[in-house]
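This structure is a prediction, so every number in the text was calculated from the model and none was measured. Values reported hereafter were calculated over all heavy atoms of this structure, with side chains retained and with hydrogens, waters and symmetry mates removed.
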Amino acid sequence: MKTFNLIEKNFLPIIILAIFSFFTACQEETSVQTSEPKTDKEAMIQIADEDSLLASFEPNYNEDGVMDVMGKINTPIYPVKVGQRMRLVNRVLDINIQGDTAYGTLTKTFEGTLYILAKYDTASTRPDTLILKPFTSVITRKLVFIKIANTEFPKRNWVLAAVSLPEGGTQTPESINITRMTVFLPNGDTLVINSPNDYYLYRRWGFWWRWRNFPVVPANSQLTIRVEVTSAYEQDDFVTLTFGADARGLHRAKKRFVLVSSTFNGTSYDKVYEQTFQTHQYRGFFHAVLNAMPGQVVLDDSAPVEQESWGVPYFIRP
């Protein structure tokens, strides 16, 4: 009897909850149906948006403010921490479909702010100023899609088969250029990159034979990167590597490259920088992002930001 009274007492709320759940489920089903891409281009844009490899670039490009830079920085104005905050303001994926293959160019425009936490007084034990420098950066990378089916649902017909490395930077007159990046992997393999947008890595295992092997590295292993740049200035450039950040920006770290050699070629300086970094223990896709700026950008509080950026993705296998 008590059980019957309890059911009778709660009957109306139960019915209301059931009706609400029914309509909510219908709305969710409708939402899923309406979000299905209608064209091949819409499908490829959605595939690129949802790709975890591509998404791993921005958490390392956006340093979210000042960062500790591992490695000694000995400069006249004594910058203590240097970092950048990047805000994506435009994203365009241009696609050229040629039969069963589609070639895409992904262009992202960022509004950035370079943060320099520094001290003007060399005798001071603490930073006494925060310098903010706004700049705009454009990053591009190439994508290759392969058609694998011919259904009425475009998203089921295409897969992202290969991606190039990202590259870009500020559009101001360049006084620094990255000319080559060499990545020494723990297994002894070497990646030699002269043009990131022309350096493709396979994204799907079924297409490994058509493009270069994707770098898969063990957890807690060391990689060495050698960077060759051409700089207009004799002084050391500010060349850094940001790496390790996941989709939430956690585990991000930053290191400054060490100058190995500098040779004057008659008009500018050919320099070689090197740095080693260690992967953490977390499984997934990550990017190591290289940023190169003339030294004066962080030494002079009024010098505009000039920056060139390259990136290389890698997958950590525990």
Does Q281 use its side chain to pair, donor to acceptor, with the backbone of A219 at less than 3.5 Å?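 Pair absent, no side-chain N/O of Q281 close to backbone of A219.
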
Quick one: does P186's side chain get under 4.5 Å of P218's, heavy atoms only?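 Yes, at least one pair of side-chain atoms sits under 4.5 Å.
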
State plainly whether one hydrophobic cluster holds both V138 and M293, where clusters connect Ile, Leu, Val, Met, Phe, Trp and Tyr through side-chain heavy atoms under 4.5 angstrom apart.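 No; M293 is not reachable from V138 via cluster members.
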
Could you check whether any side-chain N or O of Q171 sits under 3.5 Å from a backbone N or O of T136, counting only pairs where one atom can act as donor and the other as acceptor?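 A pair under 3.5 Å: no.
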
side-chain contact (heavy atoms from CB on, under 4.5 Å) evaluation trace for T140 with E167: CA-CA 6 Å; T140 61; E167 68 172 316; 4.2 Å; yes

Counting distance only, does the side-chain N/O of T170 pair as donor-acceptor with the main-chain N or O of Q307 below 3.5 Å?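 Side chain of T170 to backbone of Q307, a donor-acceptor pair under 3.5 Å: yes, one is there.
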
Within the 4.5 Å heavy-atom criterion, are L130 and Y115 side-chain neighbours or not?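 Yes - at least one pair of side-chain heavy atoms lies under 4.5 Å apart.
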
Before you tell me yes or no, could you show the steps for L223 and V183 under side-chain contact (heavy atoms from CB on, under 4.5 Å), namely the whole-Å CA-CA distance, both residues' side-chain angles and the distance that decides it to 0.1 Å? CA-CA 7 Å; L223 290 80; V183 183; 4.3 Å; yes

Of the options V312, I225, V289, which is the one that meets L241 in a side chain to side chain contact (heavy atoms under 4.5 Å, CB included)?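 Among V312, I225, V289, the one meeting side chain to side chain contact (heavy atoms under 4.5 Å, CB included) with L241 is I225.
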
Apply side-chain contact (heavy atoms from CB on, under 4.5 Å) to the pair D246 and R252, showing each step before the final yes or no. CA-CA 8 Å; D246 62 14; R252 185 188 295 118; over 6 Å; no

Connected via hydrophobic side-chain network under 4.5 Å: V217 and V163: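 Same cluster: V217 reaches V163 through Ile, Leu, Val, Met, Phe, Trp or Tyr contacts under 4.5 Å.
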
Going only through I, L, V, M, F, W and Y residues with side-chain contacts under 4.5 Å, is there a path from I316 to V216?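 Yes, I316 connects to V216 through the hydrophobic network.
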
Between D51 and R203, is there a side-chain N and carboxylate O pair less than 4.0 Å apart?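 Result for this pair is yes, salt bridge flagged.
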
Between Q235 and G295, which heavy-atom pair has the shortest distance, and what is it?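 Heavy-atom minimum between the residues: OE1-C, 4.1 Å.
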
Which atom names give the shortest non-hydrogen contact between P59 and A245, and what distance separates them?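 Scanning both residues, the minimum pair turns out to be O-CB, 3.5 Å.
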
Parallel, tilted or perpendicular, as decided by the 30° and 60° cut-offs, for the rings of F285 and F214: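 Because their plane-to-plane angle is over 60°, the rings of F214 and F285 count as perpendicular.
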
Determine whether a donor-acceptor pair (N or O, by modelled atom type, separation under 3.5 Å) exists between the side chain of E308 and the backbone of I178.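 Indeed, once roles are kept as given, a pair shorter than 3.5 Å links the two residues.
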
Is it the case that T267 and N265 place a side-chain donor and acceptor less than 3.5 Å from each other?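 Yes.
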
Interatomic spacing from CZ in F57 to NE2 in H287 - rounded to 0.5 Å: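 Rounded to the nearest 0.5 Å, the CZ-NE2 separation comes to 6.5 Å.
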
Tell me if a side-chain donor or acceptor on T101 pairs with a main-chain N or O of Q98 at a distance below 3.5 Å.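 Checked: no pair found.
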
Given 3.5 Å as the limit, does a donor-acceptor pair link the side chain of R180 with the main chain of S195, or not?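 No; judged by distance alone, with no hydrogens or angles, the pair does not exist.
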
Evaluate S262 against D270 for side-chain hydrogen bond (donor to acceptor under 3.5 Å, both in side chains), listing each step before the verdict. CA-CA 6 Å; S262 178; D270 296 324; over 6 Å; no

Rounded distance (nearest 0.5 Å) linking atom CG of D198 with atom CD1 of I193: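 Separation between the atoms: 12.0 Å.
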
Mind checking the OG-CG spacing from S137 to N291? Nearest 0.5 Å is all I need.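 Taking OG in S137 and CG in N291, the distance rounds to 8.0 Å.
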
Go through the steps to decide whether D40 and K147 satisfy the test salt bridge (Lys or Arg N to Asp or Glu O under 4.0 Å), and finish with yes or no. CA-CA 10 Å; D40 288 339; K147 194 171 188 178; 5.0 Å; no

Decide whether V260 and F257 are clustered together by the hydrophobic rule: side chain heavy atoms of Ile, Leu, Val, Met, Phe, Trp, Tyr closer than 4.5 Å, transitively.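 Each belongs to a different hydrophobic cluster.
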
Walk me through it: do E50 and K155 pass the test salt bridge (Lys or Arg N to Asp or Glu O under 4.0 Å)? CA-CA 12 Å; E50 297 171 353; K155 190 178 177 182; 2.8 Å; yes

Minimum heavy-atom distance P166-P196, with the two atoms named: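 The answer is O-CB, 3.8 Å.
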
Check whether any side-chain heavy atom of W158 sits under 4.5 Å from a side-chain heavy atom of I146, and report yes or no.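 Result no, sub-4.5 Å side-chain heavy-atom pair not found.
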
Do Y61 and S309 make a side-chain contact, defined as non-hydrogen atoms from C-beta onward lying under 4.5 Å apart?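 They are in contact (side-chain heavy atoms under 4.5 Å apart), so the answer is yes.
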
Assess whether atom CD of E42 is packed by more than 12 heavy atoms of other residues, nucleotides or ligands within 6.0 Å.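 Yes, enclosed.
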
So V82 and F238, side-chain contact (heavy atoms from CB on, under 4.5 Å) or not? Walk me through it. CA-CA 10 Å; V82 179; F238 194 74; 3.8 Å; yes

Let me know which of Y314, F286, F277 forms a ring-ring contact (aromatic ring centres under 6.0 Å, His included) with F243.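 Single ring-ring contact (aromatic ring centres under 6.0 Å, His included) partner of F243 among Y314, F286, F277: F277.
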
Can you name the closest pair of heavy atoms from K133 and V297 and give their distance?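 That would be NZ-O, 2.6 Å.
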
Can you list the other members of the hydrophobic cluster that holds Y269, where links are side-chain heavy atoms under 4.5 angstrom apart?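 F264, listed by chain and number.
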
With rounding to the nearest 0.5 Å, note down the distance linking NZ in K142 to OG1 in T105.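 With rounding to 0.5 Å, NZ (K142) is 4.5 Å from OG1 (T105).
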
Nearest-0.5 Å distance, CZ of residue F135 to CZ of residue F110: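 Nearest 0.5 Å value for the CZ-CZ distance: 10.0 Å.
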
What distance do R141 atom CZ and L165 atom CG have between them, rounded to the nearest 0.5 Å?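 Between atom CZ of R141 and atom CG of L165 there are 7.0 Å.
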
Are the side chain of N60 and the backbone of G244 linked by a donor-acceptor contact shorter than 3.5 Å?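 Looks like yes, one N/O pair under 3.5 Å.
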
A side-chain contact here means heavy atoms from C-beta on lying under 4.5 Å apart; do T190 and V192 qualify?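 The answer is yes, as the side chains (C-beta and beyond) meet within the 4.5 Å cut-off.
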
Using side-chain hydrogen bond (donor to acceptor under 3.5 Å, both in side chains), reason through T179 and N177 one step at a time and then give a plain yes or no. CA-CA 6 Å; T179 58; N177 286 292; over 6 Å; no

Can Q296 and Y233 be said to form a side-chain hydrogen bond (donor to acceptor under 3.5 Å, both in side chains), step by step? CA-CA 9 Å; Q296 65 182 11; Y233 304 101; 2.9 Å; yes

Flag side-chain contact, heavy atom, 4.5 Å: V239 against L290: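 The answer is yes; the side chains approach within 4.5 Å.
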
Salt bridge (Lys or Arg N to Asp or Glu O under 4.0 Å), paired with D64, selected from R85, K254, R87: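 Checked R85, K254, R87 against D64; only one passes salt bridge (Lys or Arg N to Asp or Glu O under 4.0 Å): R85.
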
Show, in sequence, the C-alpha distance, side-chain angles and deciding distance for K108 and E58, and conclude whether the salt bridge (Lys or Arg N to Asp or Glu O under 4.0 Å) test is met. CA-CA 10 Å; K108 294 184 177 182; E58 286 179 37; 2.6 Å; yes

For the pair Y273 (side chain) and D237 (backbone), establish whether a donor and an acceptor sit closer than 3.5 Å, ignoring hydrogens and angles.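 Yes; judged by distance alone, with no hydrogens or angles, the pair exists.
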
Check whether any side-chain N or O of K271 sits under 3.5 Å from a backbone N or O of E228 as a donor-acceptor pair, and report yes or no.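 No.
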
When you check the side-chain N and O atoms of T276 and T224, is any donor under 3.5 Å from an acceptor?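 T276 vs T224: donor-acceptor pair found between side chains.
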
Please write out which residues are connected to F153 in a hydrophobic cluster, directly or through intermediates, given that two of Ile, Leu, Val, Met, Phe, Trp, Tyr count as joined at side-chain heavy-atom separations below 4.5 angstrom.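 In the cluster with F153 there is nothing else; it is isolated.
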
Is a donor on one side and an acceptor on the other found under 3.5 Å between the side chain of T279 and the backbone of N220?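 Present.
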
Taking the six-membered ring of Y199, is NZ or CZ of R212 closer than 6.0 Å to its centre and within 45° of its axis?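 Checked: cation-pi criterion met.
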
Are V227 and V272 linked, directly or through other ILVMFWY residues, by side chains that come within less than 4.5 angstrom of each other?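 As far as the 4.5 Å side-chain criterion goes, V272 and V227 are not connected within one cluster.
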
